[in-house]
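Okay, so here's the structure we're looking at.
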Amino acid sequence: MTVSKIIRAQRKFYESIKRIDNSSDSFSSKFGRRICSKSESSSSPSSDVVEVTDKFISVFTKQPFSSDNPQLINLVPKLTNKVVESVLNNFRSWKVAHLFFTWSSNQHGYKHTIYTYNAMASILSRARQIAPLRVLAHDVVDSRCFMSPGALGFLIRCLGNVGLGQEANMLFDQVKIEGLCVPNRYTYNCLLEAICKSGSADLVEMRLKEMCDHGWGYDKYTLTPVLQVYCNAGKFDKALRVFNEIYDRGWVDEHVFYILLVSFSKWGEVDKACELIKRIEDCNIRLNEKTFCVLIHGFVKESRMDKALQLFDKMKKSGFFPDVSIYDVMIGGLCVNKQFEAAFQLYYEMKESGKKPDMGILSKLISSCSDEGELTQLLKESWEDMDAKSMTLLCNSIMSIHVNNGSINKAYNLLQAMIRGETITDVGVGVLSSFKGKVSPNTTSFSIVINKLLKDGKLDLALSLFRDMNQIGCKQNVVLYNNLIDGLCNSNRLEESYELLREMEELGFEPTHFTLNSIFGCLCGRQDVVGALNLVRKMRVHGHEPWIKNTTLLIKELCKHGKAVESCRFLSDMIQEGYLPDIVSYSAAVGGLIDIQKVDLALELFRDICAHGCCPDVVAYNIIINGLCKAQRVAEARDLFNEMIMKGLVPSVATYNSMINGWCKSGDVNRGMLCLSQMYEKEREANVITYTTLIDGLCGAGKPDDALMLWNEMEGKGCAPNRIAFMALIQGLCKCGRAKQALVHLRLMKEREMKPDIFVYVALINAFCYELNSPLAFEILKEMVDEGNFPHPLDKNYSVIQDAILKLSEDSQTSSHVKNLIVEGSIPAIILSDSGSQSGSISSE
DNA sequence: CCCCTGTTTG
């Protein structure tokens, strides 16, 4: 193209703009819905154009197409932009249109204008032909085709509609730089819409600013895509700000509301959506059918059936007739939310309006029937819709109902009848027996019964049903295998579970983490370290993680049996296998070592945890701190206490309690009390254990009055003493020679219906004897034996009580009463004849 | 999901 040609073309371009802007209803003014060349919009195409159009169409639709077709060659001179536009719009297939378009591009003497490009773009956009559209957009720029702002807008919208927002954005700039078009507000609006569809909020913001800077101003069609892009990006605040501006300027319309409503619905903001609906109604705008449907779907998804029902009602009142799919959503939602009555109501309403509920709806209702009466009612209504497949579904529902009502036998019998192909009778739903065909069970049928049998511990029955599935060719699945394996593992039937595992693998079912962990758990419970490690290796192969609770179980089992050292070895073996144990498992091992008095080893392991990149938590610190306190190593415990605070961990009540116990047991109650005041400062609420520990400590230090004061403080703070607290106080007071005060608390304790242990009675009896108060000592003794309590001969309390009884039998105030008790058999006679040393001659009580 | 705190030296 020569320079003079460009100048001539440019002049032509500006003339055409002038022509367009002068015309009364230019396409660039408003929506640009339909674009065609100017000459055509004023009058219908001339008869000549119609004739040539028909000829082209006939040639291009005649198979096969050949560019050498003499008929076609004759037509070439008649090729004008008007003809091309007309021909393009009359093809039914986009492919043929594109063929014609490409062919015409190559004809000498012919050149596309923006109107022919746009006609093609529109066809490709509707047919969602993204690749050729992209090429077309390039061609437009390459051919240096001039265009009006409206025409550019149209092309941009064609691109935007198929998600080519980035391409539209590029085209916009290229066309501007090349001087092919001077975009106006409408063009910008189209661009914003296109970018919005590809979701780029930042780009929209940038272009919006650019257009304002150019002084184009903005209107409703500018802000609508801005609102949309913020909504799509979930930018709630920004979206609302834009909406308010639209609203304040009075630009709000149905579409704007629709955008916001759909977004609220998508974000699960049901209440905000409802508020907006009210506002819409205040504006006298009616929701359309699509909006109703979108909202109902959204509300149901949020389980807001109240609002969904309201909207559904509104929809009907607005004159829309809900179709089956909306009924399906509503009924489904109601069933899931257990609003069965409302679900059934909709079902009846649907039938009344002449709509036939499909199997989807029917199955939702059938599976929601909670009793046989409901089911019978439903069946009466829709019996004619039943086929063999729905009968299976129906039977499954009946079995579910039985299972949920605790009648597994009925469910089992029904399944058996199905397996044997017998007529279904006597299941409480009479109408079933009139079904003549065979009702085959499916996988769900078996799952319902097998899973319940497993829950009830009827493992063998479940297994035999599982075998029946093979027999009748019913598909098994991973979940069933998993549940059976889990059942076997819980019954410690390890070998059989291995067998099922092998079987499922042979059938091509990949074991899940659940499968392998069931077996792992069983091995852990059995303390089978070797088997557990082998299974961990298998997990590695399948890419599954051993569950912490199982690893911890093995550690705890080993520790329970004094094998804490072995448990440590297992932990390091796990690391070898590539699984770093959790702090919980480590803690269990630390606790195990402490239990066998290997506190130093425990400390070593505790330090190792950090070295392995695992961080001790508060509980882990609690275990080691308590271990040290119990081993009378309070100073070290205190250091660890400070260390955990340095690390930013917050000591729990248990931490404080352990420290308090440590101080008390090492004879430093004052430091224990200091801990309590620390707790008050740090607003860590002391519990009944804290007080019990301190009360015991105070009594042990010979401070019964302080103990009683603390007791009152405890109650004053609303912390109710339990039986351990009572027993600690009573025994502590006895130790301090406060038998009477101790007795008061025994009475209080019994009033609160707490039963003291024998040692409490023994402590009281002993204390009263020591005070030479035989009557009260005897009173407690009698109370104890009347309640059927007496220490076992091997119990330390036995010798204490023996001494007491000896004293009471020697005191004239009580001797006859003691004798009576012996005569009654409440006290073993042998107790007085024996010297007081328990030298093996006593066989039993 | 799993790890921790108090009363009885037996």
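A, B, ... follow the sequence lines: proteins, then strands. Residue 1 opens every chain.
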Tell me what [X] touches on the nucleic acid: a base, only sugar-phosphate, or nothing, going by heavy atoms under 4.0 Å.
| X | value |
| --- | --- |
| A/Thr692 | base |
| A/Val590 | nothing |
| A/Ala654 | base |
| A/Asn722 | base |
| A/Asn550 | nothing |
| A/Ile623 | sugar-phosphate |
| A/Asp617 | base |

Side-chain donor-acceptor contact under 3.5 Å, [X] with [Y]:
| X | Y | answer |
| --- | --- | --- |
| A/Tyr621 | A/Glu643 | yes |
| A/Thr444 | A/Ser447 | no |
| A/Thr512 | A/Asn482 | yes |
| A/Asn337 | A/Ser303 | yes |
| A/Thr690 | A/Asn687 | yes |

Side chain of [X] only, please: which of [options] is the nearest?
| X | options | result |
| --- | --- | --- |
| A/Ala588 | B/dC3, B/dG6, B/dG10 | B/dC3 |
| A/Asn622 | B/dT7, B/dC4, B/dC3 | B/dC4 |
| A/Ile548 | B/dG6, B/dT5, B/dC2 | B/dC2 |
| A/Val619 | B/dG6, B/dC4, B/dC2 | B/dC4 |
| A/Ala728 | B/dG10, B/dC3, B/dT7 | B/dT7 |
| A/Met727 | B/dT9, B/dC1, B/dT7 | B/dT7 |

Do the side-chain N or O atoms of [X] get closer than 4.0 angstrom to the phosphate oxygens (OP1, OP2) of [N]?
| X | N | answer |
| --- | --- | --- |
| A/Lys556 | B/dC1 | no |
| A/Asn657 | B/dG6 | no |
| A/Lys665 | B/dT5 | no |

Please report the distance, rounded to the nearest Å, between [atom1] in [X] and [atom2] in [N].
| X | N | atom1 | atom2 | answer |
| --- | --- | --- | --- | --- |
| A/Ile555 | B/dC1 | CD1 | P | 21 Å |
| A/Glu685 | B/dT5 | CD | P | 21 Å |
| A/Asn626 | B/dC3 | CG | C1' | 13 Å |
| A/Ile625 | B/dC4 | CD1 | P | 15 Å |
| A/Ile594 | B/dT5 | CD1 | C1' | 13 Å |
| A/Lys630 | B/dT9 | NZ | C1' | 13 Å |
| A/Tyr586 | B/dC4 | OH | C1' | 19 Å |
| A/Asp757 | B/dT9 | CG | C1' | 16 Å |

Euclidean distance for P, B/dG10 against B/dG6 (whole angstrom): 15 Å
Contact summary for A/Ser518 and A/Asp486, nearest pair of heavy atoms: OG-OD1, 2.9 Å
